[in-house]
Amino acid sequence: MATIVDCPTCGTKVEWNEKNKYRPFCSERCKQIDLGAWAEEKYTIPAVNLPLDDEGDKPVQ
């Protein structure tokens, strides 16, 4: 039985197999859109509880 996943860009159902060279994406276009989003730093992980500097008022970066 084949594994079916959603394309991370457009949500189209994609069969996860060796025939699909763009997996987990449905097409080269969706793959390039995702790469562009990474390059523009649209994907971020929010910082939580940043350590404060020695004076205790500004987060250390």
Taking all heavy atoms of R23 and all of E18, pick out the closest pair and write down the distance.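 Nearest heavy atoms, R23 then E18: NH1-CA, 3.0 Å.
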For P24 and P8, the nearest pair of non-hydrogen atoms, with its separation, is O-CD, 3.4 Å
Identify each donor-acceptor pair in which a side-chain atom of residues 10-17 lies under 3.5 Å from a protein atom, sequence neighbours left out, and give them as a table.
unit_1	atom_1	unit_2	atom_2	d
K13	NZ	D6	OD1	2.8
E15	OE2	N17	ND2	2.9
N17	OD1	K19	N	3.0
N17	OD1	N20	N	3.2

Sequence neighbours excluded - salt bridge (Lys or Arg N to Asp or Glu O under 4.0 Å) pairs with any residue from residues 29-48: E40-K42
Which residues share a side chain to side chain contact (heavy atoms under 4.5 Å, CB included) with K21, sequence neighbours left out: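 Listed in chain order: nothing, the list is empty.
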What residues form a side chain to side chain contact (heavy atoms under 4.5 Å, CB included) with E28, not counting sequence neighbours? Y22, Q32
Show which residues join I33 in its hydrophobic cluster (side-chain heavy-atom contacts under 4.5 Å, direct or indirect), or state none. none
In short, ring-ring contact (aromatic ring centres under 6.0 Å, His included) pairs touching residues 24-48 with sequence neighbours left out are W38-Y43
